[in-house]
Amino acid sequence: MDFALNEDHLALREAVQRFCDGEYPAEQRGNPQTEAQRRQRWQAMADLGLLGLPFPGDCGGSEQGPVELMLVAQEFGRALGGGAWLASTVMAGQLLARLGSAAQQQQWLPKLASGELQAALALQEPGTRYEWQQVSTRASRNAAGHVLNGRKTLVLDGDSADLLLVVARSSGASDDRQGLSVLLVDARSPGVQLQGFDTLDGRRAAHISFEQVQVADDCLLGQEGQAADEIEAVLDAANALLCAEAAGAVETLLAQSADYLKTRKQFGAPLAKFQVLQHRIADIAIALEQLKSMACAAAAVQGEEPAKRRRVVSAAKAYASQQGRQIGLTAIQLHGGMGMTDECRIGHYTKRLLVIGQLLGDAAWHLQRVAAQGAA
Amino acid sequence: MDFALNEDHLALREAVQRFCDGEYPAEQRGNPQTEAQRRQRWQAMADLGLLGLPFPGDCGGSEQGPVELMLVAQEFGRALGGGAWLASTVMAGQLLARLGSAAQQQQWLPKLASGELQAALALQEPGTRYEWQQVSTRASRNAAGHVLNGRKTLVLDGDSADLLLVVARSSGASDDRQGLSVLLVDARSPGVQLQGFDTLDGRRAAHISFEQVQVADDCLLGQEGQAADEIEAVLDAANALLCAEAAGAVETLLAQSADYLKTRKQFGAPLAKFQVLQHRIADIAIALEQLKSMACAAAAVQGEEPAKRRRVVSAAKAYASQQGRQIGLTAIQLHGGMGMTDECRIGHYTKRLLVIGQLLGDAAWHLQRVAAQGAA
Amino acid sequence: MKLQFTAEEEAFRLEVREFVRQHLPADIKRKVELGLRLEHQDYVTWFRILEARGWLTPSWPKEHGGPGWTHVQKYIFDEETLLGGAPRIIASGIQMLGPVLLAFGTEAQKRQYLPDIRQSNTWWAQGFSEPGAGSDLAAVRTTAVLEPDGKHFLVNGHKVWTSYAHWCSMMFALVRTDPNASKPQEGISFLLIDMKSPGLSVRPIRMLEGGNDLNECYLDNVRVPVENLVGELHKGWSYGKYLLGHERTGIAGIGSCKQQLARARQLARQQGLGDDPLLQAKLAQFEVELMALEFTALRLLSPNQQSRTPGVEASMLKVRGTELRQAIYETLVDIAGPDAVPFSLAAQELEHLDQAAVDESLVALAANCLDSRKVTIYGGTNEVQRNLIARATLDAY
Amino acid sequence: MKLQFTAEEEAFRLEVREFVRQHLPADIKRKVELGLRLEHQDYVTWFRILEARGWLTPSWPKEHGGPGWTHVQKYIFDEETLLGGAPRIIASGIQMLGPVLLAFGTEAQKRQYLPDIRQSNTWWAQGFSEPGAGSDLAAVRTTAVLEPDGKHFLVNGHKVWTSYAHWCSMMFALVRTDPNASKPQEGISFLLIDMKSPGLSVRPIRMLEGGNDLNECYLDNVRVPVENLVGELHKGWSYGKYLLGHERTGIAGIGSCKQQLARARQLARQQGLGDDPLLQAKLAQFEVELMALEFTALRLLSPNQQSRTPGVEASMLKVRGTELRQAIYETLVDIAGPDAVPFSLAAQELEHLDQAAVDESLVALAANCLDSRKVTIYGGTNEVQRNLIARATLDAY
């Protein structure tokens with residue numbers, strides 16, 4: 001067991017830090033991005049190699065593993081940056097890399113890595129809460145391939161995606177784990193209807209409906225009806241990175257809160273002199289160390305057998321959801337009225353932490369998943 | 001709605017306070033009582049009229065209601081006093097008064113009120129946790145009355161009781177609410193076997209087994225098999241008084257903790273100067289007001305229809321269990337190592353609060369009972 | 001001791017309930033129930049309905065238009081109006097300035113200002129907080145200098161967190177009139193300032209949940225007639241404290257807690273969590289804590305009840321009430337699950353509700369939760385309240 | 001970064017597990033698992049078994065009998081011995097004095113004392129705390145005055161919270177040698193005192209759960225040879241701090257948490273709560289927090305890991321570990337339900353276990369829970385730890 005980062009890690013982290021410092025000025029973090037900013041940042045991430053980080057070398061990637069992704073996510077957390085990186089590279093891209101044939105990978109991954117295309121994973125459906133295997137969207141075989149019908153909700157960065165990875169049911173009842181397939185769909189295909197919307201953290205997502213959408217034969221990823229295990233693995237990978245992002249965001253909250261307490265005076269003394277506030281800082285500092293450790297742990301189990309991976313990732317995500325939210329709300333309180341304003345960055349970090357807690361399983365859902373794995 | 005105490009209330013409270021100050025010297029509160037102390041205190045309570053407080057006037061009582069009982073219980077809580085008052089007067093005595101015929105009442109209640117006899121309620125059975133209606137002890141009719149067979153656990157003050165009110169099953173399955181009867185049993189009857197033991201709070205309780213115990217015909221209280229509603233009412237009355245006792249105990253903890261913080265110096269300043277400790281005092285002070293209010297509310301609903309009574313009593317008891325324990329443990333922490341010693345009274349109050357929380361339904365059980373009554 | 005509501009009190013409850021049912025405009029009720037934003041006109045409409053019935057100013061003396069209610073009636077009124085979906089009475093003219101003018105104002109001031117407050121013709125801005133001062137009101141730095149002619153004060157300074165300043169035509173403010181006073185609490189005066197005065201400008205503050213009800217007010221050589229001084233010169237601090245005492249009583253917000261707990265139960269069913277044992281346990285816990293708070297409010301506010309720490313009862317209720325309310329709002333987010341993520345500011349206006357990406361019951365939920373964080377900050381942070389409670393408790397025991 | 005245990009580490013884990021399984025006496029294991037009280041002889045027996053294997057002093061340098069383990073091995077050893085039902089290594093000679101003598105003692109002192117510590121021939125009492133001083137060790141008032149002949153100190157004072165003093169033949173103590181030092185931390189020395197010295201008397205302190213492992217020690221003109229001074233005169237404070245640093249590392253008690261969480265799961269089944277969703281959620285929550293604590297311990301204690309607040313890692317682990325442990329103990333009481341009420345001190349000795357009024361698995365549970373309250377008090381209260389963490393954090397950011 002060894003927690004040390006090597007030189008490559010440090011270099012990667014520093015590169016992402018530099019990118020974030022340049023693209024996300026401190027006083028603007030968390031603001032919705034303009035279309036111009038979105039494009040520019042996306043291209044800069046591509047140039048840095050971030051968009052292909054986990055992909056095979058012959059597909060424009062650098063074959064980096066979960067630890068490297070974790071370092072990137074943590075930096076994005078610190079700066080509220082990254083945009084569609086999680087949706088396109090981590091979720092859609094990695095699912096494509098895991099399920100796709102060599103030909104499919106070579107067709108699509110280089111374009112994702114170069115930033116030419118942006119992808120999204122259309123998984124969740126109305127009324128299913130966090131039970132992702134509850135899929136009613138149907139993929140029916142026909143002569144040309146498949147026909148898709150159904151509705152997807154909360155597709156992260158769905159409205160800027162060119163390519164949709166749609167999870168659809170090939171067979172089975174609507175809550176069967178078996179029978180799930182993943183289809184590659186051009187977002188501009190006839191029959192695809194998209195409702196983009198803002199999210200609480202100033203980002204974007206979309207509800208997407210599919211009505212008689214024709215999908216070509218070579219757009220089925222992997223074996224028909226056998227995608228569940230790989231979908232779950234990708235969700236666990238994404239959750240691990242949300243944990244890392246939460247750790248990064250909390251680190252910024254801690255730094256800004258500490259700074260505020262030292263600067264701001266009340267009743268004739270800096271706030272930092274008040275023991276009750278000191279102890280809150282101490283509790284945040286402790287939680288931060290634990291969040292970082294759990295993010296490491298969640299990264300480290302990505303290659304492990306599913307039961308262990310589920311237990312550790314869900315433990316990390318439950319913890320990140322609970323602590324992230326609580327620390328955000330505490331940081332607002334520490335900042336008083338100032339913390340309630342849009343101008344102050346504290347609220348933006350808190351909103352991102354709230355959203356992280358509600359995405360891909362909330363604390364209660366992950367806690368139950370921990371319990372379902374049985375005692376350690 | 002009116003929370004004012006009248007002159008009689010104040011006089012009663014003062015009388016109990018005087019009794020407690022005399023019988024329970026501050027530095028001995030919570031210590032197990034010697035047999036001589038037990039007898040003397042019992043007689044003094046009888047002389048004060050406390051042992052017959054809720055009984056009819058023609059049975060040696062003074063027909064006082066739940067508010068008066070609450071005032072007494074709160075004073076006992078302050079002094080860790082009262083001994084078997086809850087077991088004998090409140091639980092067994094009130095059940096006898098509610099179920100018994102006029103003849104039965106006149107036979108027994110005066111002796112309870114005068115302190116000549118002490119009674120206990122034998123209700124709970126092994127492995128039933130807090131589900132008091134799960135009764136396997138059988139009362140089988142025979143020519144002379146009933147024959148009792150079964151085992152009872154945690155009979156409060158059971159080993160000093162002369163008279164046992166035994167809840168037994170006349171009919172039905174072991175978890176039926178119907179079919180429960182209450183029988184009066186002389187604790188020295190053949191076939192009654194008693195294992196007395198200490199409890200965490202330095203008091204006494206007993207496991208009691210009944211093997212072919214013959215009970216005379218006139219010792220059935222009320223209608224055969226119809227006792228459940230009255231048992232539940234008495235348990236609710238007892239729980240309401242446990243809440244009042246908890247409020248009293250917490251008041252003492254608060255007073256002693258405040259005093260300690262003002263006196264004790266650490267790092268050159270009285271502990272009372274540390275804001276973190278101040279805020280704990282504030283939280284205890286707030287909880288104390290709420291505990292008092294809930295004890296009032298629980299007393300006030302004793303005559304109301306069962307659903308309302310259940311909701312309020314269980315809310316009060318859930319709150320008292322949670323807060324009482326937490327405040328006790330906090331008070332220990334405020335006292336540091338000193339609070340961990342047997343000599344310091346803090347631990348004794350904490351133990352009583354812990355026991356109150358575990359008796360007649362713990363916080364989880366009462367919370368579920370609140371939920372079971374549906375939304376307010 | 002009698003802890004049941006009397007028959008008269010129950011009758012009063014039904015009377016209020018029925019009044020709200022009959023007279024509260026449907027669109028206002030809908031906005032309140034969905035947590036949507038209310039316009040100035042919504043408040044004015046409802047307040048005038050209440051005033052017509054004589055119910056707008058429950059804490060004012062009877063001779064000045066108060067209804068002469070007992071504390072229990074006031075309590076029932078608060079609860080029933082909120083549970084009936086009515087807006088809270090948030091006007092600081094009614095809740096803050098009114099009591100101060102009644103207690104310390106001149107007859108001329110009462111005649112001039114009180115009727116317009118009751119008719120909702122004038123909304124008043126509260127000019128207390130300043131940048132860098134927060135809960136520490138004694139740190140007022142806005143100055144008011146009496147001009148040589150003795151007829152006007154010249155006011156200079158900067159006020160923040162001024163609620164609804166854009167709806168207000170007048171402001172009451174704490175200003176420093178004696179910079180050389182020996183203690184920071186001394187040398188402060190209480191002034192009434194016309195918002196249209198030259199030199200007074202208002203800048204809205206955008207809040208994290210998108211609202212902009214709060215403002216900054218800049219005062220640059222604003223001239224205020226001496227008649228607008230309330231009470232004695234340099235004694236404003238005590239009037240401010242009197243006012244904040246009034247503010248804190250209602251701040252426990254038990255009616256709001258009940259309203260939101262009912263919303264939580266309804267949403268739980270809607271979101272398929274009606275049988276979730278963990279959520280049910282949590283809601284039962286809230287019910288327990290709400291009951292404890294409610295009985296405590298009724299007990300501590302009851303005039304014949306003595307507490308051992310007089311003076312901090314309102315602080316106790318504020319601390320528990322606000323933290324409970326926040327916890328319920330957080331649970332609303334839990335109940336919403338992934339549906340808490342979509343967010344549209346526009347859709348939080350009734351006329352644009354259909355633009356939302358989620359069910360209308362969820363549109364404003366996250367914003368409401370975030371907005372609720374202010375309740376442990378304003379009116380003296382909960383940290384300050386706990387300091388006060390601790391001091392009183394340590395003194396009393 | 002490699003967060004799996006290596007094959008060697010896993011092999012080591014199995015080795016320890018197997019060793020405990022084979023060599024831990026059954027009666028000691030039973031006492032530990034049921035939470036019963038251990039006698040001095042139980043510890044001595046087990047410690048000698050460990051010493052024979054070379055495993056008693058993991059934190060001592062290899063040349064003085066330490067096994068030369070990595071921090072991960074030490075961690076695995078702690079966990080496996082506790083999960084295997086072995087007693088904790090509680091001897092302050094091993095954990096506290098040993099490291100101090102090794103770092104600051106003379107060769108003569110090392111030769112004289114270390115072997116007996118390793119052989120469990122000598123138990124050492126810790127004479128740090130004094131009445132009215134608590135976590136504030138700099139407030140030492142026990143005096144040591146060098147006699148005119150320069151050969152002895154004359155020690156007078158009063159020490160409290162001395163663990164197992166009745167088992168100890170020696171004490172190490174902080175004493176004030178320079179009453180005129182400018183700061184309270186200065187002028188303190190570190191002395192070794194024979195417990196059989198004339199003038200030294202021990203009085204056991206009875207604890208709230210019935211235990212009496214702690215004592216008061218009165219020192220009345222106790223003569224201590226100057227050779228028993230450790231390190232330099234007046235520099236004892238720094239040795240005491242060094243020692244407490246060692247104490248805190250193990251204080252997180254992750255192994256104890258795991259032990260008690262396993263006990264909770266087993267008791268839950270036994271008490272019919274195996275399917276209770278609320279309890280299961282609570283246990284899962286503990287598992288999450290324990291995992292967070294464990295990975296953090298491994299990360300922060302790992303030698304090549306930099307934290308931004310060096311020096312307070314142990315405080316962080318202590319705070320979380322002790323509070324988590326207490327929470328698990330409280331849950332054990334919840335699980336016991338009414339069975340937490342019967343209490344017999346006598347039955348907490350293995351030979352009288354049959355006198356208990358509850359199942360043997362429940363006999364010591366309430367006492368264990370109460371006893372666990374000490375862990376947030378000793379070794380510097382958690383309040384003091386949080387002060388330290390806050391100061392370091394505010395400095396670092």
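All chains are named by letter (A, B, ...) in the order of the sequence lines, taking the proteins before the strands, and each is independently numbered beginning at 1.
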Thinking salt bridges, do [X] and [Y] make one under a 4.0 Å N-O criterion?
| X | Y | value |
| --- | --- | --- |
| Arg373(C) | Glu209(C) | no |
| Glu130(C) | Arg176(C) | no |
| Lys152(A) | Glu125(A) | yes |
| Asp198(A) | Arg204(A) | yes |

What do you reckon, are the aromatic ring centroids of [X] and [Y] less than 6.0 Å apart?
| X | Y | result |
| --- | --- | --- |
| Phe197(A) | Phe343(C) | no |
| His366(A) | Tyr130(A) | no |
| Tyr378(C) | Trp161(C) | no |

So which residue, Arg203(A), Lys265(A), Arg280(A), ends up with the most heavy-atom pairs under 4.5 Å with chain C? Arg280(A)

Could you check which of Thr341(A), Leu360(A), Asp201(A) has the highest count of heavy-atom pairs closer than 4.5 Å to chain C?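 Highest number of heavy-atom pairs under 4.5 Å: Thr341(A).
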
Region of [X] that comes under 4.5 Å of a non-hydrogen atom in chain C:
| X | answer |
| --- | --- |
| Ile346(A) | neither |
| Arg345(A) | neither |
| Leu154(A) | side chain |

Using a cut-off of under 4.5 Å on heavy-atom pairs, state which of Lys374(C), Gln355(C), Glu330(C) scores highest against chain A.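 Looking at each of Lys374(C), Gln355(C), Glu330(C) in turn, Glu330(C) comes out on top.
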
Relative to chain A, which of Pro342(C), Ala340(C), Pro338(C), Gly337(C) shows the most heavy atom pairs under 4.5 Å? Pro338(C)

[X] portion near chain A, given a 4.5 angstrom heavy-atom threshold:
| X | result |
| --- | --- |
| Leu273(C) | side chain |
| Val333(C) | both |
| Ala347(C) | neither |
| Ala139(C) | neither |
| Asp334(C) | both |

Has Gln368(A) got more than 12 heavy atoms of other residues, nucleotides or ligands less than 6.0 Å from its CD? no

